[in-house]
Amino acid sequence: MFGAHAPSLRVSGSKGMLGHAQGAAGVLELLVTLAALSAGKVPPTVRTASPRPRAPTGLVLDGAPPLHAVDHAVCTNSAFAGANAAVVVTTRPVPPRPSRERHPVHLRAWATAFSDEPLDLADLAPDLDPRGLDPMSRHLTAAAARALRAGDLAVRGAARDRTGLFVGTLRVSPESARAFRASIEERGLTRLSPTAFTRMVLNAPAGVCTRALGLRGPTTTVTIGDGSGLLSLVLAARWLSHRDDADVLLAGGVDERDADEGEGRTGAVVGALVRGECAGPPVLGFAIRGPGRAAEAAEAARVMAGVDRDEALVAKAGRRAIGGLEALVVWDRSRPLLLVESSRSASCALLLGRSPEHG
Amino acid sequence: MDDALRTVIAQREHTLDRLRELLLARLSLQRSPAEIDPDTPLFGLGLGLDSIDAIELLVCVEAEFGVTLESAQAMRAMRTLGTLVDALLEKAA
């Protein structure tokens with residue numbers, strides 16, 4: 001990727017010094033990067049005296065930090081379930097980006113997967129690695145594959161890099177959590193199951209699904225409590241509307257209910273959002289606001305869409321991650337649909353236009 | 001074949017079977033035991049295990065056989081099921 005510059009790049013890792021800060025690891029790494037830029041020093045990779053074979057040649061090993069004027073740095077994080085991120089920081093002034101037209105975005109298709117019906121995963125996702133699949137991963141993968149199929153969207157070749165997945169969820173899979181705890185009870189803390197451990201992250205189902213369907217585009221998993229699935233749709237719509245690095249984003253929510261606790265059925269609802277003109281209802285407006293500000297979010301989405309008050313049907317999100325998204329299933333598309341959610345940590349709204357066939 | 005050799009072979013087979021069982025039960029490998037050849041590499045194109053599976057297998061083996069493999073030892077042992085059996089028998093000897 002860096003071509004002829006690769007040998008001269010200084011490479012450093014902070015985990016040996018700071019340990020793994022779990023969800024805060026990325027921010028911590030970014031702080032280290034910013035400190036390195038402002039100090040003009042590259043921190044050493046402590047506890048690394050000799051590099052492994054094929055390690056980068058510019059690895060800064062244990063020892064005194066070399067003085068090194070750094071203008072730009074790439075801060076990368078690679079995490080379980082294929083959650084990889086990179087941030088570029090620079091000391092140089094950056095010209096403001098020209099504001100661009102928003103791209104049109106359509107909800108090409110959507111699909112559900114519930115535990116009281118057969119999943120047909122072997123047919124929907126033949127490449128799925130069947131090992132260690134919890135109900136959350138299975139249902140998310142089934143709903144995502146069905147949404148692609150319903151939208152006639154084939155994910156092959158270069159399209160893989162431009163097709164991504166945004167997921168809203170409330171918690172890790174109860175089934176995997178149980179397997180994790182059982183491994184500790186059985187073998188002790190020092191010998192807990194590492195494969196179960198990797199499923200103790202919220203984005204584990206998204207990782208399974210993206211691998212199974214060959215999606216290599218943008219991915220994230222968000223949680224705000226009830227209505228997390230709607231937030232993931234809003235974020236995906238905003239991403240496609242403002243950026244150029246993806247064409248299709250699958251987005252929705254998944255809930256694994258604990259059958260042992262009598263919580264009801266497990267389910268996933270996933271929509272396929274497509275950038276550019278295509279069939280399916282257009283995403284006309286969307287907004288995110290703070291907690292308890294659903295009315296403001298709804299108003300902002302309505303104004304952005306240019307839809308009159310009282311023209312749209314309003315569906316308030318219900319309980320759970322997929323709460324509210326079920327309204328898609330019964331919507332007859334003769335009037336615009338405004339999906340609104342207010343949870344304890346965020347409010348959001350998404351306004352879908354009528355389908356073209358309703359003129 | 002003398003008795004000593006027969007004992008060694010029986011021990012190897014027994015250890016191999018226990019390892020196959022571990023792989024199927026703990027790593028949920030979707031294969032029949034007969035398909036898991038002692039000479040197939042555990043990682044990469046062989047059984048397709050990854051680095052997380054490697055640690056899983058190691059902690060399972062340690063718990064099941066009551067042994068602790070040092071890291072360099074484990075690296076050598078974890079090439080194939082055959083090399084893992086060798087390491088375990090050596091440890092038990």
Side-chain angles (χ1 to χ4, degrees), chain A residues 15-16 20 22 47-50 52-55 78-84 121-122 125-135 137-138 141 172-173 175-176 178-201 203-204 207-208 210-212, chain B residues 15 18-37 40-81 83-85 87-88 91-92:
Chain A
K15 195 158 77 178
H20 199 316
Q22 304 290 325
R47 298 188 178 86
T48 305
S50 56
R52 282 198 308 193
R54 285 182 299 167
S78 313
F80 288 145
N84 307 310
L121 269 177
D127 294 337
L128 184 66
D129 179 354
R131 299 194 300 137
L133 287 182
D134 49 46
S137 304
R138 286 201 301 271
T141 304
V172 299
S173 154
E175 185 179 293
S176 282
R178 214 176 348 236
F180 179 61
R181 283 195 302 271
S183 81
I184 296 176
E185 279 158 24
E186 194 184 328
R187 304 197 299 252
L189 258 183
T190 54
R191 285 183 179 149
L192 58 80
S193 164
T195 45
F197 177 75
T198 62
R199 293 200 286 276
M200 292 298 97
V201 290
N203 63 310
V208 169
T210 50
R211 276 197 305 276
Chain B
T15 309
R18 281 169 75 187
L19 283 176
R20 283 192 178 115
E21 241 166 70
L22 265 188
L23 277 175
L24 295 172
R26 302 296 181 161
L27 288 120
S28 322
L29 272 191
Q30 308 284 308
R31 293 173 192 241
S32 71
E35 279 181 292
I36 306 178
D37 188 279
T40 306
L42 294 172
F43 308 102
L45 291 176
L47 292 179
L49 303 186
D50 61 25
S51 57
I52 302 291
D53 294 324
I55 307 171
E56 179 85 57
L57 181 58
L58 193 61
V59 294
C60 287
V61 164
E62 291 188 351
E64 167 86 15
F65 291 84
V67 298
T68 305
L69 295 172
E70 302 308 323
S71 119
Q73 219 177 4
M75 294 261 265
R76 277 197 305 275
M78 303 275 280
R79 279 181 38 242
T80 67
L81 271 196
T83 57
L84 190 52
V85 170
L88 288 172
K91 202 86 188 171

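Each chain gets a letter, A, B and so on, in the order the sequences are listed, and its residues count up from 1.
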| note | With chain B, the option among Thr195(A), Thr198(A), Thr190(A) that has the most non-hydrogen atom pairs under 4.5 Å is Thr195(A)
| request: Could you list the residues that satisfy salt bridge (Lys or Arg N to Asp or Glu O under 4.0 Å) with Arg211(A), not counting sequence neighbours? | output: none
| note | Rounding to 0.5 Å, atoms CD (Glu64(B)) and CZ (Arg187(A)) come to a distance of 10.5 Å
| Nearest-0.5 Å distance, CG of residue Leu58(B) to CZ of residue Arg191(A) | 8.5 Å
| field | More than 12 heavy atoms from other groups under 6.0 Å of NZ on Lys91(B) | value | yes
| query | Is the CZ atom of Phe197(A) crowded by more than 12 outside heavy atoms at less than 6.0 Å? | reply | no
| task | Measure Ala196(A) against the heavy atoms of chain B and call it side chain, backbone, both or neither at under 4.5 Å. | result | backbone
| message | Under a 4.0 Å threshold between the charged nitrogen and the carboxylate oxygen, would Glu56(B) count as salt-bridged to Arg199(A)? | response | no
| remark: Scanning both residues in full, the closest heavy-atom pair of Val59(B) with Pro194(A) reads CG2-CD, 4.0 Å
